[in-house]
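Notes follow the structure.
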Amino acid sequence: MCGIVGYIGKQDATPIIIDGLGRLEYRGYDSAGVAVIKDSQIHLRRDVGKLSNLRQKVALDPISGSIGIGHTRWATHGVPAERNAHPHVSMDGEFVVVHNGIVENYLELKDELISEGIEFKSDTDTEVIVQLIERFAHNGARGNLTEATRKAVQFLRGAHAIVVMNREKPDELVAVRIGNAGGVAIGLGEDENYIASDIPAILEHTRRMIFLESRQIATITASSVHIQTLDGQPISHEVHDIPYDPVSAAKGEFKHFMQKEIFEQARSLTDTIRGRIDFEQGEAILPDLNLTRERARALDRMVTVACGTSYYSGLVGKFFIEHMARLNVEVDYGSEYRYRDPIIDEHTAVLAITQSGETVDTLAAMEEAREKQATLWSIVNAVGSQAMRVSDGYITMNAGPEIGVASTKAFTASIVDQYLLALHLGGLRGTLTTEQQRQYAHDLGLLPDLVGRALETEPQIKELAALLHHYTDFLYLGRGINYPIALEGALKLKEISYIHAEGYPAGEMKHGPIALIDEQMPVLCIALKDSLYEKMVSQIEQAKARGGIVIAIATEGDTFIASKADHVLYVPDTPHLLSPVVAVIPLQLLAYHVALRRGADVDQPRNLAKSVTVE
């Protein structure tokens, strides 16, 4: 997961930046680099692999300067290689940039810049940013780094965290945040200032921090920080004092780990996508799965085994794999699987989904699959865990540490991993055309920004939680690919607020649960604008007719639903197959804020553990 560190002040920037990157190594990366300005020249060192390789390169060929930026990269566009490592320099060598996020429209921007004579040195989407900044600096914004950057980022689609330097302005850094691709923390010192994508990188140097919000741009010198909106309106920023202890530092600006992890999802999804999609060819790249075309075509069935939240993730993944790869998928509880003598053989693939990789029930199900000669795969967040070690192939979530017991970012990361698996299988099995693959890959590139926009519902959800927290029973309804999200939403509410909640496929409401609905029953309905929309509207009307309090998760722009439901939480219009990832965001936030209202221990709910390692 990409990391950013920057410095401007009186010290040598190089060791500060490299040491800061070292504190972000836990996030994962495949290359690293640092750039400093000295004597009006940009001095750049980059290397692939671990940060130790960059340290060695700098030791053999030192660079120093009082202003610099550094980056650890997990590849999205372009293979892990020195030419693709950040920082990236503009064609004339005047500007240099580091970046977290995905430029969704980079191909069209790159083609436009090439037609203007710009020569690209890397395969990355990031280089488009620095070339755009150079273009605007040469066309009316010369000498004004902030203005050139502001103009350039207006052309970018997606969510981004960006830091820029100009060799002609060695006393200034510019940082931008758009959406929720990653945080931007500005650390305040005495005649020196710092930038980082995460607090631990700079906490050794300062505890006083400013956090950029979406669509804000900061101009940073050694002695000042000026923040504006991208529209040019000045912002009065709040300075946060971060306690010098690992737990509080890790929470940063958030009250709980769960809240932080919910808001990390735009970034964690970017990181689980990184290096795994060839956006131009539409191919998923999963080398650790160890799957050949011949083996993929020999499969006649797949079984997903998981527990709890991971089980609901598997239910979503079933839709992906059956649709894209035309492979029959069964989803089974890991805790029950081995007790019914399941029918599997060498033509079956068994996929285990487990955040910790140590869940005992899931491991036992994997052992059953191994004994019956099935191909064994796992999706895990904990690298090196037992589930990963015993698998024939695996996909890592790359979600980063998840401290809150109730899973949020690991849930959405595992869904995206199954989307990648489905795309990979569809390509190998020949069930997708090249054009279909490209479309699915394109849709996936949109997801981090869509999730970031869904997170903007939090203020409305806080108000809703104040109205709902005293109810004792909830019903969650969804249809099609979003019915597992109804199950997951109900589970989240149960886990952390201790309110009884049930999730159902909406078509099952009349087969029993409708008897429970009255004026004391909030009914949460996932009613996105898809092929099942009219059926969900019918369920809403039936719930309202019985006095239920209806909360609808709806697609932005759907004014009709507001006439049917008591409360509406809007999420951005999302490609259908990926809609569960966006729809679950308000449900996570609602569970969190209801639990807060009830005074529950959000991060460590009673009777629960992060990893269930005993039966």
Side-chain angles (χ1 to χ4, degrees), residues 258 261 302-321 329-342 344 348-372 374 376-383 385-391 394-397 399 401-418 421 476 483-496 498 501-504 580 584 587-588 591 603-615:
M258 182 179 178
E261 288 154 10
M302 186 177 127
V303 178
T304 299
V305 291
C307 300
T309 285
S310 293
Y311 174 80
Y312 300 145
S313 170
L315 291 177
V316 176
K318 172 183 171 74
F319 284 83
F320 300 157
I321 294 161
V329 179
E330 300 171 20
V331 185
D332 220 318
Y333 284 107
S335 56
E336 292 292 326
Y337 188 64
R338 66 192 187 277
Y339 295 121
R340 59 177 179 81
D341 191 21
I344 49 178
T348 306
V350 173
L351 171 67
I353 306 174
T354 162
Q355 186 276 145
S356 69
E358 303 292 345
T359 301
V360 64
D361 291 316
T362 303
L363 290 171
M366 294 175 74
E367 184 178 346
E368 179 81 12
R370 171 70 71 207
E371 289 177 358
K372 294 187 174 181
L376 190 56
W377 298 328
S378 61
I379 292 176
V380 299
N381 198 33
V383 175
S385 59
Q386 187 173 347
M388 178 186 285
R389 295 195 306 272
V390 303
S391 299
Y394 59 85
I395 309 171
T396 53
M397 296 179 194
E402 189 178 67
I403 309 301
V405 167
S407 181
T408 51
K409 64 178 181 174
F411 173 70
T412 52
S414 66
I415 289 177
V416 168
D417 283 337
Q418 290 173 90
L421 173 60
Y476 285 65
Y483 97 75
I485 300 306
L487 305 181
E488 170 63 11
L491 177 62
K492 281 292 155 287
L493 194 68
K494 283 183 278 196
E495 283 182 308
I496 63 170
Y498 317 138
E502 294 296 334
Y504 274 88
V584 80
L587 304 188
Q588 293 173 342
D603 285 337
Q604 295 181 313
R606 67 190 183 203
N607 305 330
L608 297 179
K610 189 64 182 168
S611 177
V612 180
T613 56
V614 294
E615 261 196 283

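Numbering of residues begins at 1 and proceeds along the displayed sequence.
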_Walk me through whether M397 and D417 qualify under side chain to side chain contact (heavy atoms under 4.5 Å, CB included)._
CA-CA 7 Å; M397 296 179 194; D417 283 337; 3.6 Å; yes
_Check against side chain to side chain contact (heavy atoms under 4.5 Å, CB included), I403 and D603_ = CA-CA 7 Å; I403 309 301; D603 285 337; over 6 Å; no
If you measure from [atom1] on [X] to [atom2] on [Y], what distance do you get to the nearest 0.5 Å?
| X | Y | atom1 | atom2 | value |
| --- | --- | --- | --- | --- |
| Y498 | L493 | OH | CG | 12.0 Å |
| L491 | S407 | CG | OG | 9.5 Å |
| Y339 | Y333 | OH | OH | 16.0 Å |
| T348 | E330 | OG1 | CD | 8.5 Å |

*Can you sort out the partners of S391 under side chain to side chain donor-acceptor pair (under 3.5 Å), two or more places apart, ordered by chain and number?*
S378
_Results of side chain to side chain donor-acceptor pair (under 3.5 Å) for E502 - residues two or more places apart only_ = H500
With a 4.5 Å limit on heavy-atom distance, are the side chains of [X] and [Y] in contact?
| X | Y | value |
| --- | --- | --- |
| L421 | F320 | no |
| M258 | E495 | no |
| M366 | R370 | no |

For the side chain of [X] and the backbone of [Y], is there at least one donor-acceptor N/O pair under 3.5 Å apart?
| X | Y | value |
| --- | --- | --- |
| E402 | K409 | yes |
| Q418 | S414 | yes |
| K492 | Q588 | no |
| K372 | I344 | no |
| E368 | Y337 | no |

*So F411 and I485, side chain to side chain contact (heavy atoms under 4.5 Å, CB included) or not? Walk me through it.*
CA-CA 11 Å; F411 173 70; I485 300 306; 3.8 Å; yes
*For the residue pair E488 and T309, confirm or rule out a side-chain donor-acceptor distance under 3.5 Å.*
yes
*Nearest heavy-atom neighbours spanning A374 and V350*: CB-CG2, 3.9 Å
*If you look at every heavy atom in L376 and V390, which pair is closest and at what distance?*
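Where L376 meets V390 most closely, the heavy atoms are CD2-O, 3.7 Å.
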*side chain to side chain contact (heavy atoms under 4.5 Å, CB included) between W377 and I395: does it pass, once the steps are laid out?*
CA-CA 8 Å; W377 298 328; I395 309 171; over 6 Å; no
